[in-house]
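Contents: one structure, followed by commentary.
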Number of protein chains: 2
Amino acid sequence: MTPDKRRAPAGAAVLRDEITTAIRRALMQELAAVGYGRLSIEAVARRAGVSKTAIYRRWSSKLDLVLEIVAAAAHGKLPALDTGTLRGDLALLFQAVALALRHPLASQIIPDLLAEAARNPSIDATLRQVLHARQQEIGGRLVTRAVQRGELPADTELDAAVDLIVGPLYWRLAIARLPLTDGYLEHLVESVAAGLGADSVLPRPREAPVSG
Amino acid sequence: MTPDKRRAPAGAAVLRDEITTAIRRALMQELAAVGYGRLSIEAVARRAGVSKTAIYRRWSSKLDLVLEIVAAAAHGKLPALDTGTLRGDLALLFQAVALALRHPLASQIIPDLLAEAARNPSIDATLRQVLHARQQEIGGRLVTRAVQRGELPADTELDAAVDLIVGPLYWRLAIARLPLTDGYLEHLVESVAAGLGADSVLPRPREAPVSG
DNA sequence: CAACGACGGTACGGTTGCGTCCCGACGTGT
DNA sequence: ACACGTCGGGACGCAACCGTACCGTCGTTG
């Protein structure tokens, strides 16, 4: 039974959005600076200029805090990504990924959380929802359309295709942290397209995909 | 001036190898269990069944400990890797990488340290020595030989080639942590070879590489 | 066989972070 | 204008860890 509430929270008795935002930003910065392992609520509160209580009123634990905020941050924009050609789609996707991984925060937080996911089931589940699943979806659409156009063989395995698409760029930007030289992305488009089984860049009519 | 030493350390006054080994093993396990961020000397000592003093007598700090042990562990074996064909070399390399990343310890420690390297210059430098440089070397030899054989174009960029070779498999095994299905490695060999610019698997005579 | 001397282990103070409790401040609704 | 009730902030007890100092132990050397 829910007793009639005396009054709805109002006035000063309501969570201030500015504080919530400050906590979110501070969390991202702390996460980038020290990683999830060393992350402390106190440091987040210090950096945000708020009290620990302000945080604990909003999230029940450090894990809750990270999961909610990271998931929200990753729920951002997903590109439409339908340029009409496999190479066009790849180029657009790579540009989006490169842009995202340019963010100093993202390029430090993402590898850190992915590593942490190997030992923390909650983080693992969250990342699979907001990262891997999204990649599978984007990659799936990209591959499916390319197959329908006849650019890729019909028996293309989505799983392996995603590895081939995502792996090299992620390796370079997030792991090796090497610069993106001129023309690298364009070159990568060609390499990945060829690796996926697309015809050479020179337009050469392809036979119909295996029927049945 | 160095006064004549009374006596060389001997007997019980010498570091016991068994203790050193136990510390090494415990460090790897702790590193895998909690990551570098949370790593504590006390936990390593507990797990090794030794005292903290035993650790501090051997290494001056947590960073020293990790750097020395990780570098030593990574200095392991490097495959000869010269099978006579690009695809043979790739297959051998992938099998070696897959084997290494199967080790539960390695697959947890490596991503963790790579993420930590983004914010710790010492770790970054060490990993670049023992990982990246080695990859560049192996990849360089692999590509160079393939170019000499005419399997790859002469203007192949080593940098991008390494990304393409290492990225997909690392992504799948260490980041996405997906299983290695039957035939995956063989399939990956073909994809990467094609991505690098090799001819189709069907032997088709290639014109002589660009002369000069 | 006795003395040497560094070993491993325990104990210690200092620091940091967790999670909670209490308090004065504040803006809205009656 | 007043009462309401949650807000943010500071303080507290508890726990873990760091790095060091001290102490008894042990195997080798002379």
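Letters A, B, ... are given to chains in the order of the sequence lines, protein chains preceding strands, and every chain is numbered from 1.
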Whether the side chain of A/Asp112 engages the backbone of A/Ala32 through a donor-acceptor N/O pair (distance < 3.5 Å, no angle test) should be reported. no
Determine the contact category for B/Arg38: base if any of its heavy atoms lies under 4.0 Å from a base atom, sugar-phosphate if only primed atoms, P, OP1 or OP2 are that close, otherwise nothing. nothing
OP1 or OP2 of C/dG8 under 4.0 Å from side-chain N/O of B/Ser51: no
Measuring to OP1 and OP2 of C/dG8, would you say a side-chain N or O of B/Arg58 lies under 4.0 angstrom away? yes
Can you tell me the distance, in whole Å, between the CZ atom of B/Arg57 and the P atom of C/dG8? 7 Å
Rounded to the nearest Å, what distance is computed from the CD1 atom of residue A/Ile23 to the C1' atom of nucleotide D/dG9? 13 Å
Atom pair distance, as rounded to whole Å: CD in A/Glu42 and P in C/dT15: 15 Å
Suppose we call a contact any N or O donor and acceptor under 3.5 Å apart; does that hold for the side chain of B/Thr53 and the base of C/dG9? yes
Can a donor-acceptor pair be found between the side chains of B/Asp163 and A/Tyr184 at a distance below 3.5 Å? yes
Nearest heavy-atom neighbours spanning B/Leu188 and B/Pro168: CD1-CB, 4.0 Å
Just how far, in rounded Å, is C1' of D/dA16 from NZ of A/Lys62? 13 Å
Take B/Ser40 and A/Ile19, find for each the nucleotide of DNA chain D with the closest heavy atom, and name the residue whose nucleotide sits nearer the 5' end. A/Ile19
Quiz question: going by heavy-atom distance under 3.5 Å, is there a donor-acceptor pair between the base of D/dG19 and the side chain of B/Lys52? yes
Identify whether the distance between the nearest side-chain nitrogen and carboxylate oxygen of B/Arg172 and A/Asp159 falls below 4.0 Å. yes
Starting at CZ of B/Arg16 and ending at P of D/dT28, how long is that distance when rounded to a whole Å? 12 Å
